[in-house]
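The basis for the numbers below is simple: all heavy atoms, side chains too, and nothing from hydrogens, waters or symmetry mates. Indexing begins at 1, ligand by ligand and atom by atom, following the structure's order. This structure is a prediction, so every number in the text was calculated from the model and none was measured.
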Amino acid sequence: MSAAARILRGRILSFTDDPAVSGSRAYSLIEDGAVLVAAGMIEAVGEARDILSRAPRGALIDDHLGSFIMPGLIDAHVHYPQTQVIGSYGKQLLDWLRNYTFVEEQKFADPAHCARVAAFFLEELFRSGTTTAMVYCTVHPGSVDAFFAAAEERGARMIAGKVMMDRDAPEALMDTAERGYDESKALIERWRGRGRLGYAITPRFAVTSTPAQLEAAGALAREFPECYVQTHANENKAEIARVAALYPEAESYVDVYARAGLLGRRSVLGHCIHLQDSEVAALAASGAVAAFCPTSNLFLGSGLFDQARLTQAGVRIALATDVGGGTSYSMLRTAAEGYKVLQLNGQSWPALEAFYRMTLGNARALSLDDRIGSIEAGKEADLIALDPRATPSLAHRMEMARDNPEVELFALLTLGDDRAVRQTYVAGEPRKGKG
Ligand code: GUN
Ligand code: ZN
């Protein structure tokens with residue numbers, strides 16, 4: 001963490017609520033604004049002239065004039081061991097896992113490989129403007145140690161956990177119900193409460209865990225209520241049929257997790273596409289979060305997420321890349337594909353709601369909104385500067401935006417990617433290009 005205070009000057013955009021609920025009261029935009037950060041925290045935000053007039057002596061000034069300064073983006077579901085699985089051709093979920101992912105994940109038995117990929121992954125997130133993510137490691141405890149060590153070294157707020165799998169996977173990628181429990185517990189005890197890190201109990205999905213392993217994961221969730229739970233649900237029709245065959249006593253896929261005690265406000269379930277009404281109701285009642293992973297759902301041909309149905313039922317929603325089923329580290333690309341998925345479902349998604357979701361919305365989904373997700377004094381200084389004219393095509397499009405921020409933000413989302421990210425600040429430190 002840097003000792004020197006720093007002032008970021010630009011167009012400060014931050015949310016206090018969901019624009020779908022509170023309309024224009026949900027956000028503020030200060031056209032010539034500034035954020036004062038020191039010791040990793042936001043100390044003040046306001047009009048640039050006010051912040052500059054009371055700047056501490058020696059404060060660094062980063063001028064991002066014309067760029068939006070926003071909270072760092074948050075990715076609610078992503079697999080760091082899949083950086084070399086992205087763009088693997090031609091398969092849907094179960095074959096894609098078997099042919100590509102389970103082959104790749106075996107390499108994480110090697111701690112040096114874990115360290116190299118963890119560093120690459122975090123740098124790629126920062127390049128894309130993502131400062132916090134909820135991350136799957138592999139079954140190997142060393143993959144978790146390497147990831148948390150890399151995140152800690154960079155001062156980043158990250159949530160991660162060891163994958164638990166005790167059936168229907170290659171021998172080298174399986175633990176047992178007992179070993180999954182013991183290894184997860186040891187990792188929780190090693191890493192919990194350390195700096196900005198959080199642990200997610202991670203039974204991969206009901207296909208690769210026996211009932212005994214899901215019970216063990218549920219026991220961990222009860223023992224360590226501060227931990228998260230992450231898993232996958234209702235992504236693909238063949239997967240759902242397999243879960244029904246493996247768990248004949250359960251009423252539904254979501255019910256498998258409910259029975260194991262895995263549904264609660266700190267649970268994030270990837271995908272949630274093909275849901276029965278009773279499953280939607282169970283998600284809503286438990287406060288569990290459904291993670292919308294549009295690039296993955298399109299790439300693996302999984303289906304179309306029904307945001308309107310889930311929102312109306314009161315299900316909490318997050319947005320996520322799901323790399324490497326997902327095809328981009330960029331939350332901008334992810335939201336742009338999310339918009340298209342919703343269009344195919346007869347729904348729409350205003351830019352302000354999408355930017356809310358990538359920032360405060362996802363912070364709320366991960367119960368981190370007291371620390372990150374908005375630009376306020378006392379919050380952690382994870383910030384990005386996004387240039388709406390970063391590429392020739394963006395600059396050309398912005399000529400027609402008539403200085404209307406909603407038009408600008410929608411075009412930025414549609415055309416933007418890592419090139420639009422001028423800088424990413426993690427705990428107040430510029431991180432883009434540091435790797
Ligand atoms: N379901 C179980 N594991 C995975 C995974 O790694 N990626 C995706 N997209 N779905 C899964
Ligand atoms: Zn996933």
Next item on the list: List for me each residue that meets side chain to side chain contact (heavy atoms under 4.5 Å, CB included) alongside A221, sequence neighbours excluded, and say none if there are none.
Entry: I201, V229
Next item on the list: Could you label the plane-to-plane angle of the F108 and H113 rings as parallel, tilted or perpendicular, counting under 30° as parallel and over 60° as perpendicular?
Entry: perpendicular
Notebook entry, point to check: Once the angle between the rings of Y199 and F148 is folded into 0 to 90°, is it parallel (under 30°), tilted (30 to 60°) or perpendicular (over 60°)?
Noted result: tilted
Note to self: Students should find this: residues with any non-hydrogen atom under 4.0 Å from ligand 1. What is the answer?
What the structure shows: H79, Q82, L93, W96, L97, R204, F205, H232, E235, H271, S296, L300, D322
Next item on the list: Tell me the protein N, O or S atoms under 2.8 Å from the Zn ion (ligand 2), in chain and number order.
Entry: H77 NE2, H79 NE2, H232 NE2, D322 OD1
Next item on the list: Give the intermediate values and the outcome of side chain to side chain donor-acceptor pair (under 3.5 Å) for residues Y136 and Q82.
Entry: CA-CA 9 Å; Y136 286 68; Q82 296 179 13; over 6 Å; no
Would you tell me whether [X] and [Y] have side-chain atoms, one donor and one acceptor, within less than 3.5 Å of each other?
| X | Y | result |
| --- | --- | --- |
| D166 | T176 | no |
| H271 | N234 | no |
| D62 | Y425 | yes |

Margin query: Could you check whether any side-chain N or O of Y356 sits under 3.5 Å from a backbone N or O of N362, counting only pairs where one atom can act as donor and the other as acceptor?
Written below: no
Item checked: Set of residues satisfying side chain to side chain donor-acceptor pair (under 3.5 Å) with respect to Q347, sequence neighbours excluded -> D306
